[in-house]
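This report refers to the structure that appears directly beneath it.
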Amino acid sequence: MVRRPLIAGNWKMNGLKADAVALAKGIAGRCLPQPPPVDLLVCPPAILIDPVAQALAGSPVAVGGQDCHTQSSGAHTGDIAAAMLRDLGASHVILGHSERRTDHGETDALVREKAVAAHQAGLVAIICIGETEAERDAGQALAVVGKQFEGSLPPGATAENTVIAYEPVWAIGTGRTPTLAEVAEVHGAIRALAGKQLGAAAQRLRILYGGSMKPSNARELLALADVDGGLIGGASLKVEDFMAIALSSNG
Ligand code: 13P
């Protein structure tokens with residue numbers, strides 16, 4: 001298998017310290033004696049990365065942030081630099097999630113700058129792209145996703161320092177998912193576009209699906225040729241559901 005699947009939990013703005021530590025320990029415990037044949041990642045709120053990283057020490061589960069600033073330090077009240085995430089033990093950072101694009105007006109250009117900052121700090125950037133329902137209904141899904149991909153991918157991106165997450169906005173937290181054919185079409189289109197930028201290395205780029213992935217639909221989604229894992233919201237907050245999804249992947 002060219003691409004080892006990545007099963008990533010985006011905890012969003014959920015949980016207090018004790019909840020986060022319990023969840024992390026639950027996931028780490030389920031990796032014994034034999035971890036699932038995938039890469040596992042959890043992305044807690046930034047303020048909980050430290051205790052979660054400590055809870056996961058010695059386990060194969062990696063930790064990531066949910067956002068970072070474009071600058072490495074300075075007068076940016078309330079913001080967090082990529083190096084700070086790295087310092088606490090994070091190896092990845094989610095960038096350009098649709099909730100940040102909506103809540104904070106993040107543009108492709110900003111996401112690209114953040115990805116540059118993430119790479120400079122040694123983090124893998126998980127760049128999120130996806131169309132709204134209106135855009136899909138208007139037949140614009142591929143065009144929108146393609147534009148976001150090209151606008152958000154930073155110079156210097158490689159298959160090793162970058163992961164793409166296709167998350168249709170209308171599938172996030174709704175219980176609805178695109179058809180398998182629709183997911184396959186978008187993922188195939190993203191890989192084709194990646195080929196233009198990365199050449200043959202596009203075959204090693206991991207493209208995750210996100211949006212209402214759960215134990216009951218994970219197997220069929222993860223079996224699609226160009227789906228290399230999942231970015232999971234709600235179902236990542238339950239040990240059993242998250243691990244069931246991880247075990248749905250053939251690795
Ligand atoms: P849900 O799995 O809750 O739909 O969220 C998906 C998501 O936004 C992951 O980043």
Side-chain angles (χ1 to χ4, degrees), residues 5-15 19-20 23 27 38-46 48-49 52 61-68 85 90-104 106 111 114-115 118 123-133 135-136 141 144-145 148-149 152 162-180 182-183 186-187 190 206-222 224 227-249:
L6 171 62
I7 302 296
N10 175 6
W11 293 0
K12 307 192 180 183
M13 195 175 72
N14 290 295
D19 309 310
L23 181 53
I27 293 168
V38 297
D39 287 344
L40 289 172
L41 170 71
V42 295
C43 299
L48 297 176
I49 288 176
V52 166
V61 186
V63 190
Q66 299 176 11
D67 176 50
C68 71
L85 301 176
S91 52
H92 294 65
V93 62
I94 298 169
L95 295 174
H97 191 281
S98 72
E99 287 149 18
R100 292 208 59 87
R101 290 178 186 262
T102 303
D103 294 356
H104 300 274
E106 294 198 358
V111 173
K114 290 185 172 195
L123 296 176
V124 175
I126 301 177
I127 298 176
C128 303
I129 53 181
E131 83 285 358
T132 63
E133 183 157 34
E135 288 163 343
R136 175 158 286 278
V144 168
V145 168
Q148 289 178 334
F149 174 80
S152 307
T162 303
V163 171
I164 303 299
Y166 168 55
E167 300 206 306
V169 178
W170 53 275
I172 295 175
T174 59
R176 298 164 55 208
T177 53
T179 65
L180 295 176
E182 287 167 340
V183 174
V186 176
H187 280 239
I190 294 170
R206 290 192 285 193
I207 307 173
L208 313 184
Y209 170 79
S212 297
M213 188 183 271
K214 49 195 177 212
S216 59
N217 62 19
R219 187 170 296 280
E220 55 190 14
L221 286 163
L222 294 170
L224 294 172
V227 174
D228 310 311
L231 183 55
I232 300 130
S236 75
L237 297 171
K238 294 190 191 122
V239 175
E240 289 309 316
D241 286 359
F242 186 63
M243 296 311 290
I245 291 170
L247 288 164
S248 299
S249 175

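Worth knowing before you read on, the calculation uses all heavy atoms, side chains too, and leaves out hydrogens, waters and symmetry mates. In this chain, residues are counted from 1 in sequence order. Order of appearance sets the numbers: ligands from 1, and atoms from 1 within every ligand.
- Counting heavy atoms closer than 4.0 Å to ligand 1, residue Ser236 contributes nothing at all.
- Residue His97 touches ligand 1 through its side chain alone, judged by heavy-atom distances below 4.0 Å.
- Considering only heavy atoms from C-beta on, Ile172 comes within 4.5 Å of Ser98 through its side chain.
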- Do Glu167 and Arg101 pass the salt bridge (Lys or Arg N to Asp or Glu O under 4.0 Å) test, and can you show the C-alpha distance, the side-chain angles, and the key distance before you say yes or no? CA-CA 12 Å; Glu167 300 206 306; Arg101 290 178 186 262; over 6 Å; no
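- For ligand 1, the polar-atom distance check finds an N/O of Ser212 within less than 3.5 Å of one of the ligand's N/O atoms.
- Only one option out of His187, Arg136, Glu131 pairs with Val145 in a side-chain contact (heavy atoms from CB on, under 4.5 Å); it is Glu131.
- Residue contact check for ligand 1: Gly210 places no non-hydrogen atom closer than 4.0 Å to it.
- Heavy-atom separations between Ala235 and ligand 1 are all 4.0 Å or longer.
- The two atoms that bring Pro215 and Ile245 nearest to each other are N-CG1, 3.7 Å, heavy atoms only.
- For ligand 1 and Ala171, the ligand atoms under 4.0 Å from any heavy atom of the residue are 4 (O).
- Contacts with ligand 1 closer than 4.0 Å are made by heavy atoms of both the backbone and the side chain of Leu231.
- Nearest to atom 5 (O) of ligand 1 among the protein's heavy atoms is Lys12 NZ, 3.3 Å.
- The atoms of ligand 1 that sit less than 4.0 Å from any heavy atom of Gly211 are 4 (O), 6 (C).
- Near Gly234, the atoms of ligand 1 lying under 4.0 angstrom from a non-hydrogen atom of the residue are 1 (P), 2 (O), 3 (O).
- Remark: minimum distance from atom 9 (C) of ligand 1 to any protein heavy atom is reached at Glu167 OE2, 2.9 Å.
- Residue Tyr166 holds its OH atom at 10.0 Å from CD of Gln148, rounded to the nearest 0.5 Å.
- Distance from atom 2 (O) of ligand 1 to its nearest protein heavy atom, with residue and atom name: Gly233 N, 2.9 Å.
- Annotation: side chain of Lys114 is not in contact with side chain of Val93 (no heavy-atom distance under 4.5 Å).
- At least one side-chain heavy atom of Gln66 sits less than 4.5 Å from a side-chain heavy atom of Cys43.
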